[in-house]
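Since we're looking at a predicted model, the values are computed, not measured.
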Amino acid sequence: MGSSTAIRELQRDLENKANDLSKHQKDIAKNHQVRKKYTIQLGENELVLKELDLLNEGANVYKLIGPVLVKQDLAEANANVSKRIEYISAELKRLDGTLQDLEEKQNSKKDAIFKLQQRIQSFQAGKAKA
């Protein structure tokens, strides 16, 4: 009877660890989605900055605010786009750090699950011999 309850306890622990692992995998997927969105925005903003660099000093630049196009100074537009690129790059760097942390946690959870599965198998093998 003792080994049966021990196996049940180990299986319950295994189930909890598997749920934790699943949660970490969802967090990693969510991180990838957000990172993809920021990467696309970064590319778009870099393209806008290149386009702004091609303009002459006196060129008209307009910014879409709601349904209205508002005239904007070229230097101000350059500064705004540069700030956006800076912000997006910082967010990508932060997301990379978070992703690395999540992947390390995921790997440690996988190791713990693997060790627990081995313990359960050894318990069952010992029980089968008896």
Any chain of hydrophobic side-chain contacts (each under 4.5 Å) joining L10 to L21?
-> yes
Hphob cluster co-occupancy, V48 + L55, side-chain heavy atoms under 4.5 angstrom | yes
Check: N45 side chain, Q41 main-chain N or O, donor-acceptor pair, under 3.5 Å | yes
On a heavy-atom basis, the closest approach of K63 and N80 is NZ-ND2, 4.1 Å
If you measure from NE2 on H32 to CG on L102, what distance do you get to the nearest 0.5 Å?
-> 9.0 Å
Between L42 and S89, what is the shortest heavy-atom contact and its length?
-> CD1-OG, 3.7 Å
Other residues, nucleotides, ligands: >12 heavy atoms within 6.0 Å of Q118 CD | yes
Decide, yes or no, whether a salt bridge links E15 with R12 under the criterion of side-chain N to carboxylate O below 4.0 Å.
-> no
Distance from I28 atom CD1 to Q100 atom CD, nearest 0.5 Å?
-> 11.5 Å
Any donor and acceptor pair, going by atom type alone, linking the side chain of S22 with main-chain N or O of A18 inside 3.5 Å?
-> no
With the side chain counted from C-beta on, respond yes when Q106 and Q25 share a heavy-atom pair under 4.5 Å apart, and no when they do not.
-> yes
Verify side-chain contact (heavy atoms from CB on, under 4.5 Å) between V61 and L52, making sure each step is shown before the conclusion.
-> CA-CA 9 Å; V61 177; L52 288 174; 4.2 Å; yes
Is a salt bridge present between K115 and D111, judged by a nitrogen-to-oxygen distance below 4.0 Å?
-> no
NZ of K30 to NZ of K26: how many Å apart, nearest 0.5 Å?
-> 11.5 Å
Before accepting this row, confirm whether a basic side-chain N of the pair D96/R35 lies closer than 4.0 Å to the acidic partner's carboxylate O.
-> yes
Could you check if a side-chain atom of L54 sits within less than 4.5 angstrom of a side-chain atom of K50, using non-hydrogen atoms only?
-> no
If you round to the nearest 0.5 Å, how far is CD of Q33 from CG of L95?
-> 12.0 Å
Cluster link I85 to Y87, ILVMFWY, side chain under 4.5 Å = yes
Derivation of the side-chain contact (heavy atoms from CB on, under 4.5 Å) call for N78 and D53 = CA-CA 8 Å; N78 266 324; D53 287 342; 3.8 Å; yes
Does L64 belong to the same Ile/Leu/Val/Met/Phe/Trp/Tyr cluster as Y62, with side-chain heavy atoms less than 4.5 Å apart forming each link?
-> yes
Please round to the nearest 0.5 Å and tell me the distance separating atom CG of N60 and atom CD of Q72.
-> 12.0 Å
In Å, rounded to the nearest 0.5 Å, how long is the span from CZ of R119 to CD of Q11?
-> 12.5 Å
How close do Y38 and E91 get, heavy atom to heavy atom, and via which atoms?
-> OH-OE1, 3.8 Å
